[in-house]
S.K.: 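Once you've had a glance at the structure underneath, I'll fire off some questions.
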Amino acid sequence: QVQLGESGGGLVQAGGSVRLSCAASGRTFNSYNMGWFRQAPGKEREFVATISRSGGNTYYADSVKGRFTISRDNAKNTVYLQMNGLKPEDTAVYYCAAASGALVPTTSRFYDYWGQGTQVTVSS
């Protein structure tokens, strides 16, 4: 089992940058593919980005491709989401998640563990 805790959210102006961090407990962090999802008010949770166990493979939602970068540091049990060129429509609660399966999933139902989320608000 792994416990996840996000940090780094806050209020930022459009065009600005924020880096989210997600720290994981336990000594098996590198056995999980990690993902970021977000949920805006009144909307369903949506996929943002995912990264494989080694960090060698990454996938992004089209809406964030070229602006967001997911990375991980297995020595620190941490996954990051660097968000640049933020837009008001990026406003949401951002969640990190861990998937124990073999695939690097872009669908939330394949993730086994979730953090409690961190709010990112982008003002226009």
Side-chain angles (χ1 to χ4, degrees):
Q1 188 170 355
V2 62
Q3 292 184 322
L4 305 173
E6 302 94 336
S7 62
L11 176 64
V12 61
Q13 288 188 332
S17 297
V18 168
R19 188 176 82 155
L20 304 182
S21 300
C22 173
S25 65
R27 296 180 290 179
T28 59
F29 177 71
N30 60 3
S31 66
Y32 294 94
N33 296 308
M34 299 296 297
W36 286 96
F37 290 76
R38 67 186 181 186
Q39 188 167 17
K43 295 187 176 181
E44 293 187 353
R45 190 171 298 187
E46 65 174 357
F47 167 74
V48 175
T50 186
I51 188 167
S52 61
R53 293 171 175 82
S54 67
N57 292 296
T58 58
Y59 302 95
Y60 297 91
D62 288 343
S63 58
V64 307
K65 202 171 295 183
R67 300 188 297 123
F68 291 10
T69 303
I70 188 171
S71 61
R72 65 189 297 163
D73 185 337
N74 286 341
K76 295 183 178 179
N77 283 11
T78 302
V79 62
Y80 305 98
L81 185 67
Q82 178 67 45
M83 305 189 293
N84 299 329
L86 283 162
K87 304 175 182 179
E89 52 263 44
D90 294 318
T91 295
V93 177
Y94 283 74
Y95 300 89
C96 71
S100 59
L103 299 177
V104 185
T106 61
T107 305
S108 60
R109 64 188 178 96
F110 291 109
Y111 285 82
D112 304 293
Y113 305 102
W114 293 83
Q116 294 200 347
T118 185
Q119 176 72 46
V120 174
T121 302
V122 184
S123 63
S124 58

S.K.: What are the two closest non-hydrogen atoms of Leu4 and Ala98, and how far apart are they?
M.R.: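 Leu4 and Ala98 have their closest heavy atoms at CD1-N, 3.8 Å.
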S.K.: Which salt bridge (charged side-chain N to carboxylate O under 4.0 Å, His left out) pairs, counting each pair once, include a residue from residues 70-81, with sequence neighbours left out?
M.R.: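 Checked against salt bridge (charged side-chain N to carboxylate O under 4.0 Å, His left out) - neighbours excluded - no pair reaches residues 70-81.
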S.K.: Determine whether Leu81 and Tyr94 make a side-chain contact, defined as any pair of heavy atoms from C-beta on separated by less than 4.5 Å.
M.R.: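 Yes, their side chains come closer than 4.5 Å.
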S.K.: For Gln119, is the CD atom crowded, meaning more than 12 foreign heavy atoms sit under 6.0 Å from it?
M.R.: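 Yes, CD of Gln119 has more than 12 neighbouring heavy atoms, counting only those of other groups under 6.0 Å.
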S.K.: Side chains of Asn33 and Ser52 only: does a donor on one sit below 3.5 Å from an acceptor on the other?
M.R.: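 No.
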S.K.: May I have the step-by-step check of side chain to side chain contact (heavy atoms under 4.5 Å, CB included) for Tyr111 and Thr50, ending in yes or no?
M.R.: CA-CA 11 Å; Tyr111 285 82; Thr50 186; 2.8 Å; yes
S.K.: Test of understanding: clusters of I, L, V, M, F, W, Y form through side-chain heavy atoms closer than 4.5 Å, transitively. Do Trp36 and Val120 belong to the same one?
M.R.: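 As far as the 4.5 Å side-chain criterion goes, Val120 and Trp36 are connected within one cluster.
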S.K.: Does the side chain of Ser25 pick up a donor-acceptor pair with the side chain of Tyr113 at under 3.5 Å?
M.R.: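 Per modelled atom types, Ser25 and Tyr113 side chains form no pair under 3.5 Å.
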S.K.: Would you say that Glu6 contacts Ser21 through its side chain, given a criterion of any heavy-atom pair below 4.5 Å between the two side chains?
M.R.: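 A side-chain contact under 4.5 Å is absent here.
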S.K.: Show every donor-acceptor pair shorter than 3.5 Å between a side-chain atom in residues 59-66 and any protein atom, with sequence neighbours excluded, or say none if there are none.
M.R.:
from	atom 1	to	atom 2	distance (Å)
Tyr60	OH	Ile70	N	2.9
Asp62	OD1	Lys65	NZ	3.1

S.K.: For Pro105 and Phe110, work out which heavy atoms get closest and say how close.
M.R.: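 Where Pro105 meets Phe110 most closely, the heavy atoms are CB-CB, 3.5 Å.
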S.K.: Any chance you could lay out the side chain to side chain contact (heavy atoms under 4.5 Å, CB included) test for Met83 and Leu20, step after step, and finish with the verdict?
M.R.: CA-CA 8 Å; Met83 305 189 293; Leu20 304 182; 3.8 Å; yes
S.K.: Does NZ or CZ of Arg53 fall inside the cone over Tyr32's six-membered ring, less than 6.0 Å from its centre and within 45° of the axis?
M.R.: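 Not satisfied by the 6.0 Å and 45° rule.
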S.K.: Would you call the rings of Tyr95 and Trp114 parallel, tilted or perpendicular, where under 30° means parallel and over 60° means perpendicular?
M.R.: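 Ring orientation of Tyr95 relative to Trp114: perpendicular.
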S.K.: Taking the side chain as every heavy atom from C-beta outward, state whether Leu86 and Val18 have any atom pair closer than 4.5 Å.
M.R.: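 Result yes, sub-4.5 Å side-chain heavy-atom pair found.
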S.K.: Using a 4.5 Å cut-off on heavy atoms from C-beta on, say whether the side chain of Phe47 contacts that of Thr107.
M.R.: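 Side chain of Thr107 against side chain of Phe47, heavy atoms only: no contact under 4.5 Å found.
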